[in-house]
Amino acid sequence: MKLSQSDVGVGLLARRAYEGVAVEFDIDCDADGVACIRLAGRMDIEGTQEVELRLVTHTAVDHGRFIIDLADVSFLASMGIRALIVVAKNVRARGGRLALCAPNQQVATTLETAGLPALVPLCTDRVEAHRMLIAQ
Amino acid sequence: MTCRVQRCDAVMAMPDTFVMARSINELRTVSAWLRGAMAGAGLSPAMSYTLELCANEALANVLMHAKGETGDPIRLSFACSEGQFELTIAERSAAFDPLSAVLPPPETCLETARPNGRGLALMRNLLPGSRYTREGEHNILTLTGHCS
């Protein structure tokens, strides 16, 4: 399965005008058919509500391979974790694979405390995540 | 409706207090207030993040799951002294101790994993010194830890 740019929509953004509320969502697809979704902003209840539908919609393909890049996520609450688990379960149910990558130290601690690495691969960066997804 | 009741950065033994309406839309306002209070108290960035996260989880749990009479606003107060901080969250609803509620066991299988229910575990694991009391009709949760 290979996603095209028209499938995934490049540069989709969910923004609000005032500082601290915007949550960015953009997705890019590489030559190996691995789609990398970059999230940026606060993944609290409000932020998660902004991007969850996009996350679910754009990962609803059979046998897809996805990286969710968390490098620019500044805050991750349990509602954000819930959304990541929902997406990972959906991807798995469609025969696909998903990896998380590049969380900052505090977000990584949150993910580890919540037990996420036991459910979804957590990689240090996109390169490691890409390598893992391609190898399987 | 949000109103600031008192602000006292200079004397940290005096609590910095905040009253929030029972609305999810208030959470970011509370976070902004708390970040200001923590900056004034000199909490480390890591501990500031931890407390903001735990406060967010505690409040979200109240807003989404509190039972009984829940019309009153939620009162928060932050204080820091001798290297220790306390954030107290007081709200009127049915008694619920988030620090002793039974939590599900850790999960290792994505297919059967529950997406929900990680907020209280985060709070309890990240700030293990926190405490809960019931005072009259109010739940009093005090999140506490070291400032550094």
Side-chain angles (χ1 to χ4, degrees), chain A residues 16 18-23 41-50 52 55-56 59 66 73-100 103-122, chain B residues 20 22-36 38 43-65 98 101 103-128 130 145:
Chain A
R16 293 195 182 178
Y18 47 100
E19 184 179 2
V21 177
V23 174
R42 287 176 63 88
M43 292 288 288
D44 53 9
I45 292 178
E46 199 172 340
T48 299
Q49 287 172 338
E50 287 183 357
E52 184 170 6
L55 270 174
V56 170
T59 52
F66 297 94
V73 171
S74 59
F75 185 86
L76 179 69
S78 62
M79 288 297 284
I81 294 171
R82 189 196 67 81
L84 295 175
I85 293 174
V86 166
V87 170
K89 287 169 75 77
N90 290 348
V91 169
R92 177 73 61 85
R94 286 174 168 268
R97 299 281 300 169
L98 180 145
L100 307 174
N104 69 33
Q105 183 58 54
Q106 281 127 358
V107 170
T109 299
T110 304
L111 288 167
E112 287 159 8
T113 305
L116 252 289
L119 304 175
V120 184
L122 179 58
Chain B
M20 69 171 284
R22 287 180 177 265
S23 167
I24 292 290
N25 295 332
E26 288 282 86
L27 286 176
R28 285 191 170 178
T29 308
V30 171
S31 285
W33 162 76
L34 184 56
R35 285 196 298 273
M38 293 186 296
L43 263 69
S44 70
M47 187 50 78
S48 295
Y49 183 95
T50 296
L51 180 56
E52 184 183 346
L53 174 63
C54 292
N56 197 285
E57 299 299 344
L59 291 168
N61 192 66
V62 167
L63 294 171
M64 292 191 287
H65 302 298
L103 299 177
E107 296 169 306
T108 57
C109 176
L110 178 61
E111 284 83 354
T112 58
R114 298 162 297 99
N116 296 319
R118 285 167 172 77
L120 294 185
L122 279 174
M123 189 176 69
R124 284 156 59 163
N125 287 321
L126 291 171
L127 292 177
S130 300

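Sequence lines set the chain letters: A, B, ... in the order given, protein chains first and strands last, and positions in each chain run from 1.
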note = Here the gap from A:M43 atom CE to A:L84 atom CG, rounded to the nearest 0.5 Å, amounts to 5.5 Å

query = Where on B:T50 is there a heavy atom nearer than 4.5 Å to chain A: the side chain, the backbone, both, or neither?
reply = neither

query = Which region of A:V107, side chain (C-beta onward) or backbone (N, CA, C, O), has a non-hydrogen atom less than 4.5 Å from a non-hydrogen atom of chain B, or is it both or neither?
reply = both

Interface moiety of A:L116 toward chain B, non-hydrogen atoms closer than 4.5 Å = side chain

query = Is it true that a side-chain atom of B:R35 and a backbone atom of B:S48 form a donor plus acceptor pair closer than 3.5 Å?
reply = no

request  = Give a yes or no on whether the backbone of A:V56 and the side-chain of A:T59 come within a donor-acceptor separation of less than 3.5 Å.
outcome  = yes

remark   = Heaviest contributor of heavy-atom pairs below 4.5 Å to chain A, chosen from B:N56, B:N125, B:L53, is B:L53

ask   = chain B heavy atoms under 4.5 Å from A:T109: which part of the residue, side chain, backbone, both or neither?
value = side chain

key: Partner set under side chain to side chain contact (heavy atoms under 4.5 Å, CB included) for B:S130, not counting sequence neighbours   = B:L99, B:L127, B:L143

query = Measuring heavy-atom distances to chain A, does B:M123 have an atom under 4.5 Å in its side chain, in its backbone, in both, or in neither?
reply = neither

ask   = Can you find a heavy atom in the side chain of A:M79 that is under 4.5 Å from one in the side chain of A:E52?
value = no

Side chain to side chain contact (heavy atoms under 4.5 Å, CB included) partners of B:E107, counting only residues at least two apart = A:L119, B:A113, B:R114, B:R118

Pick from B:A46, B:A121, B:S31, B:P106 with the largest number of heavy-atom pairs that fall under 4.5 Å of chain A = B:A46

Side chain, backbone, both or neither of B:L27 within contact of chain A (heavy atoms, under 4.5 Å) = side chain

